[in-house]
Number of protein chains: 2
Amino acid sequence: MIKRKAVKKSLECKVRITAITDTMQVLSGKWKIHILGTLLQGGKMRFMDLLREIDGIAAKMLSKELQDLEMNQLVTRTVVDTKPITVEYEVTEYGKTMEPIIDEIANWGVFYRNRLHGKD
Amino acid sequence: MIKRKAVKKSLECKVRITAITDTMQVLSGKWKIHILGTLLQGGKMRFMDLLREIDGIAAKMLSKELQDLEMNQLVTRTVVDTKPITVEYEVTEYGKTMEPIIDEIANWGVFYRNRLHGKD
DNA sequence: GAAACTAGTTTCCAATTGGTAACTAATGCA
DNA sequence: TGCATTAGTTACCAATTGGAAACTAGTTTC
């Protein structure tokens, strides 16, 4: 009983840390979760739809974040040959595996607000 | 069928966005999830324990992030009157409500790695 | 008396993030 | 002809983030 748990920084611990780092890197930045959340709710959406739907985002940011998400294969980008050309973004099947995370994050945020107000 | 879903930016949508923003603000920065994850696994831990356990973190960051977490009531800080004074950090009951989020994030990261390696 | 361990704090610096605004380029409409 | 809409891009700038290293300060051990 002198040294319980000497080797705490074990394999599973390192794997977990790496896993968390990976996920947070994929979701890095202020907007990716919002974009994914919006696309998960809205299905196929055009650039301008997203720009209008996501409050406060600038075209530059939306463009950059969508590129990141596309690179990570979480969303697809499809150019549609309409009169003024439009581009459709959609969450991939792979991207949909993010849904539990986003839901948990949204749930916690609601819980957090309720706690704040309940305590006032 | 001319304008389905005109009012997309509805109440529930705004609430969700606010909720996500709130959560991500509480978890902001590179380290908070790791600190919480480590404390959830390790129970009571001292400053130096955390510093050694969390690979790459500097004392300044650990200190600052712990203060943030304490302010948000996710962890408690207890000074223990040992020979060289020690400080114990522990996740609160409230902080434990973060566990589902952290688990989902860790799970996804593992899934992500597997997918990468499976595709090589 | 010097070194080491506790838990930090402080300073200084570099990189990243993100915002505004203007610009491109193609097409349609009045 | 000129304005609007589509989907961006570019340039510039400010704030935030985070890292390294040195420092404080009290106690204990050699």
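Letters go in sequence order (proteins before strands), and every chain restarts at 1.
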Round to a whole Å and report the spacing from [atom1] of [X] to [atom2] of [N].
| X | N | atom1 | atom2 | result |
| --- | --- | --- | --- | --- |
| A/Ile35 | D/dG8 | CD1 | P | 12 Å |
| B/Ile33 | D/dG18 | CD1 | C1' | 16 Å |
| A/Met48 | D/dG8 | CE | P | 9 Å |
| A/Lys83 | D/dA7 | NZ | P | 12 Å |
| A/Lys60 | C/dT24 | NZ | P | 18 Å |
| A/Leu50 | D/dA7 | CG | P | 9 Å |
| B/Gln25 | C/dG18 | CD | P | 13 Å |
| A/Gln67 | D/dG8 | CD | P | 8 Å |

Open item on the list: Taking the side chain as everything from C-beta on, heavy atoms only, tell me whether B/Ser63 gets closer than 4.5 Å to B/Gln67.
Closed with: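 Yes. Closest side-chain heavy atoms under 4.5 Å.
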Task: Pairwise 5' ranking along DNA chain C for A/Ile85 and A/Ile57, keeping only the more 5' one - done: A/Ile57
NA contact type, [X], heavy-atom cut-off 4.0 Å: base, sugar-phosphate, or nothing?
| X | result |
| --- | --- |
| A/Ala58 | base |
| B/Gly56 | nothing |
| A/Lys30 | sugar-phosphate |

Task: Under-4.0 Å side-chain N/O to phosphate OP1/OP2 contact, A/Arg52 with D/dT5 - done: no
Task: B/Arg77 vs C/dG8: side-chain N/O to OP1/OP2 distance below 4.0 Å - done: yes
Task: Per A/Ala59 side chain, nearest of listed nucleotides D/dA7, D/dG19, D/dT9 - done: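 Of the candidates, D/dT9 comes closest.
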TODO: Kindly say whether A/Lys60 contributes a backbone atom to a donor-acceptor pair with the side chain of A/Lys64 at under 3.5 angstrom?
DONE: no
- [ ] Could you label the plane-to-plane angle of the A/Trp108 and A/Phe111 rings as parallel, tilted or perpendicular, counting under 30° as parallel and over 60° as perpendicular?
- [x] perpendicular
TODO: Identify, between A/Phe47 and B/Glu65, the residue whose nearest nucleotide on DNA chain D lies closer to the 5' end.
DONE: A/Phe47
- [ ] Would you kindly compare A/Pro84 and A/Ser63 by the position of their nearest DNA chain D nucleotide and give the one closer to the 5′ end?
- [x] A/Pro84
Task: Nearest heavy-atom neighbours spanning A/Val26 and A/Met98 - done: CG1-CE, 3.8 Å
Open item on the list: Against B/Trp31, only a single residue in B/Ile54, B/Leu66, B/Leu62 fulfils side chain to side chain contact (heavy atoms under 4.5 Å, CB included); can you say which?
Closed with: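 So, applying the side chain to side chain contact (heavy atoms under 4.5 Å, CB included) to B/Trp31 and each of B/Ile54, B/Leu66, B/Leu62, only B/Ile54 qualifies.
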